[in-house]
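Every value quoted in this text rests on a predicted model; they were computed, and no experiment measured them.
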Amino acid sequence: MAKSTAAWVGGILGVALLIVVLLNVVKLEEANQLAGVVGSIAAVVGLAVSLRSMPRRGHVRRHGSDLQPLSVQLEGSLRSGVGVSTFVEFVNTGDEVVSIHWLDTEGNRVLYRRLDPGESYEQQTFVTHPWLVCGEQAGPIAIFQPAETRARALITYRRSH
C-alpha cells in the first residue's frame, strides 16, 4: 500500500513538474503561481500519507499476537540495545495498579506509565527493549520483550485473597 501511494504521489508530482516547465515557456508569472499550488498540494498529500501511518491517540491498532511474559529473575541480565521499531500494547487485566518500566542500556528501570486495573496503552519501542511490569503491592510481576510485529502484553496478576 505504501508503494502504491508513493507511486501515485510521484506520478502527480511528475505531471505537475511537466506543466510548470511548459508554462515557464509561456509566462514565468503563471508558472510561479502554479508551482506554488503544486507545492501546496504535494505538502497536503505528504501530510496525509504521514498521518495515515501514525498511530492514533485513543485507538490501538490490531496486534499480531500476545507476548509471552518472561521471568522477573532475568531483570539483572537484560539491557536495551539497538533494534527494529515496533509497538506494544500494555493491557492490565489484573486487579492491582501496575507500573511499566523500560530497562535501559544499563539495565536500570525507567518508569514510563502506571496502569489502573482495566486500563491499557500503546507504547512505541524497539524489539531489543525489555519492559518490566511491577505491581503496586506485589513488586516485579513480569518482563516483556517486544516482537517485530505489533503485539500485546497482557498483565493478568491477581492478588491472593
Peer 1: Tracing side-chain links under 4.5 Å among I, L, V, M, F, W and Y, which residues wind up in one group with V84?
Peer 2: V127

Peer 1: Under 3.5 Å, is there a donor on one side chain and an acceptor on the other for W131 and T125?
Peer 2: yes

Peer 1: Could you please spell out the steps behind the side-chain contact (heavy atoms from CB on, under 4.5 Å) verdict for W102 and S80?
Peer 2: CA-CA 8 Å; W102 169 56; S80 287; 2.6 Å; yes

Peer 1: Please check: side-chain N/O of T128 versus main-chain N/O of G81, any donor-acceptor pairing under 3.5 Å?
Peer 2: yes

Peer 1: So which heavy atom on P117 is nearest to which on G94, and how close?
Peer 2: CB-O, 3.3 Å

Peer 1: Within the distance-only criterion (no hydrogens, no angle test), does the side chain of D116 pair as donor or acceptor with the backbone N or O of V97 below 3.5 angstrom?
Peer 2: no

Peer 1: Apply the hydrophobic cluster definition, ILVMFWY joined by side-chain contacts under 4.5 Å directly or through others, and give me every member besides L74.
Peer 2: L70, V72, L78, L103, L132, I143

Peer 1: Is there a path from V91 to F144 through hydrophobic residues (I, L, V, M, F, W, Y) whose side chains come within less than 4.5 Å of each other?
Peer 2: no

Peer 1: Mind listing the closest non-hydrogen atom pair of Q145 and P130 along with its distance?
Peer 2: OE1-CB, 3.6 Å

Peer 1: So does P146 get a backbone contact from the side chain of H129, meaning a donor-acceptor N/O pair under 3.5 Å?
Peer 2: no

Peer 1: State the CG-CD distance between N92 and E119, to the nearest 0.5 angstrom.
Peer 2: 8.0 Å

Peer 1: Evaluate side-chain contact (heavy atoms from CB on, under 4.5 Å) for E136 paired with S99, printing each intermediate quantity in order.
Peer 2: CA-CA 7 Å; E136 195 171 64; S99 55; over 6 Å; no

Peer 1: Looking only at heavy atoms, what is the nearest atom pair of C134 and I141, with distance?
Peer 2: C-CD1, 4.0 Å

Peer 1: Look at atom CD of E148 and say whether more than 12 heavy atoms of other residues, nucleotides or ligands are closer to it than 6.0 Å.
Peer 2: no

Peer 1: Should E122 and R150 count as an ion pair when the cut-off is N to O under 4.0 Å?
Peer 2: yes

Peer 1: Within the distance-only criterion (no hydrogens, no angle test), does the side chain of R158 pair as donor or acceptor with the backbone N or O of T93 below 3.5 angstrom?
Peer 2: yes

Peer 1: For Q123 and Y121, which I'm curious about, is there any donor-acceptor pair between the side chains at under 3.5 Å?
Peer 2: yes

Peer 1: Specify the closest pair of heavy atoms between V88 and A153, including all atoms of both residues, with the distance to one decimal.
Peer 2: CG1-CB, 3.9 Å

Peer 1: Give the cluster check for L111 versus F126: same hydrophobic cluster or not, with ILVMFWY residues linked at side-chain heavy-atom distances below 4.5 Å.
Peer 2: no

Peer 1: Got a second to check how far S120's OG is from L115's CG, nearest 0.5 Å?
Peer 2: 7.5 Å

Peer 1: Applying side-chain contact (heavy atoms from CB on, under 4.5 Å), run through Q124 and S85 and close with a yes or a no.
Peer 2: CA-CA 7 Å; Q124 183 279 327; S85 179; 2.9 Å; yes

Peer 1: Show me the pairs that pass salt bridge (charged side-chain N to carboxylate O under 4.0 Å, His left out) and involve residues 73-82, at least two apart or across chains.
Peer 2: E75-R109

Peer 1: Between R159 and D95 (side chain of the first, backbone of the second, donor and acceptor by atom type, cut-off under 3.5 Å), is there such a pair?
Peer 2: yes

